[in-house]
Amino acid sequence: MTGVIYVVQGILAVAVLLALYRAVLGPSLLDRVLALDVVLAIIGAALVLTMIVNHHTDHLILLVVISLIGFIGSVAVARFITERG
Amino acid sequence: MLSDVVVSILLIGGALMSLAAGIGLVRFPDLLSRMHAATKPQVLGLLLFLLALALETGSWPLIPLLVLCWLFQLLTTPVSAHMVGRAGYRTRHLRRDLLTIDELDDVVACAVVEVDRQAPPHEADPVEGREDHDRRGGVDH
């Protein structure tokens with residue numbers, strides 16, 4: 001089980017690095033918003049992983065808050081984007 | 001023991017969803033195909049991780065909370081993806097040469113023709129329209 005936890009942590013770290021690469025390099029603003037949405041999803045996955053490792057469920061409300069922040073952020077940016085972005 | 005194996009498989013599956021999203025974000029050519037890749041960890045990855053959490057804790061009162069978490073994500077993700085996709089289409093953040101079919105293009109063309117057909121009478125003689133309105137108002141009073 002411990003080895004599996006380390007493997008999952010490694011995969012999540014690689015995934016978040018790839019998403020951050022796109023967020024930094026992304027040609028348009030919408031690409032960056034999309035990449036940061038993926039980063040938020042991976043943060044949620046890491047929160048669930050800490051809950052599984054430490055045997056508690058205190059961070060479930062943080063999951064809801066994270067999905068709410070991602071929703072509001074991408075909707076706001078998509079609403080106010082222009083041709084230049 | 002068996003529960004540990006299942007939890008491990010679910011965790012690795014969810015992590016691989018995140019990895020697929022990362023690779024897709026880096027490798028895919030334009031915004032719409034990147035959106036296709038980015039949805040994996042938000043819906044399926046979260047589902048696998050929450051299933052692993054439910055199996056690990058093994059308490060029934062936790063299930064409605066997890067379902068609520070996942071349903072909330074399931075409701076908000078399509079809305080934000082729709083907004084981002086529409087903004088990307090309107091501001092031309094897509095590569096036309098990669099599209100097989102653009103069904104929205106026909107709708108936009110139809111709407112433009114409709115507006116052109118309706119627009120000239122309103123702009124040509126606004127005075128007549130105002131007279132018409134005045135006459136109707138007089139009859140009503």
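Chain A is the first sequence line, chain B the second, and so forth, proteins listed ahead of strands; every chain is numbered from 1.
- Across B/D105, B/L31, B/L32, a single residue satisfies side chain to side chain contact (heavy atoms under 4.5 Å, CB included) together with B/Y89, and that is B/D105.
- In this structure the side chain of B/C69 reaches within 4.5 angstrom of the side chain of B/L50, judged on heavy atoms.
- For B/H36, the side-chain contact (heavy atoms from CB on, under 4.5 Å) partners two or more places apart in sequence, or in a different chain, are B/F28, B/K40.
- Both the backbone and the side chain of B/A52 come within contact range of chain A, judged by heavy atoms closer than 4.5 Å.
- Going from atom CG of A/D31 over to atom CE of B/M35 covers 10.5 Å, rounded to the nearest 0.5 Å.
- No other option in B/L46, B/L65, B/V7, B/L62 has as many heavy-atom pairs under 4.5 Å with chain A as B/L62.
- For B/S8, the parts sitting under 4.5 Å from any heavy atom of chain A are the backbone and the side chain alike.
- Using a 4.5 Å heavy-atom cut-off against chain A, the contacting residues of residues 70-78 of chain B are B/F72, B/Q73, B/T76.
- Note on A/D37, A/V48, A/I52: by heavy-atom pairs under 4.5 Å with chain B, the leading option is A/I52.
- Top candidate by heavy-atom pairs under 4.5 Å with chain A, chosen from B/R86, B/Q42, B/R34, is B/R34.
- For the pair B/L10/B/F49, no side-chain contact is recorded, criterion being any heavy-atom separation below 4.5 Å from C-beta on.
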Show me the donor-acceptor pairs within less than 3.5 Å that the side chains of residues 3-27 of chain A make with the rest of the protein, sequence neighbours left out.
residue	atom	partner	partner atom	Å
A/R22	NE	B/L25	O	2.8
A/R22	NH2	B/L25	O	3.4
A/R22	NH2	B/V26	O	2.8

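- Comparing B/V84, B/V5, B/L66, B/L48 by heavy-atom pairs within less than 4.5 Å of chain A, the highest count is held by B/V84.
- Under a 4.5 Å side-chain heavy-atom criterion applied to ILVMFWY residues, the cluster that includes B/L2 comprises that residue alone.
- Around the CZ atom of A/R79, the shell of radius 6.0 Å holds no more than 12 heavy atoms that belong to other residues, nucleotides or ligands.
- Nearest heavy-atom pair, A/L60 versus A/M51, reported as atom, atom and distance to 0.1 Å: N-SD, 3.9 Å.
- For A/S74, the parts sitting under 4.5 Å from any heavy atom of chain B are the backbone and the side chain alike.
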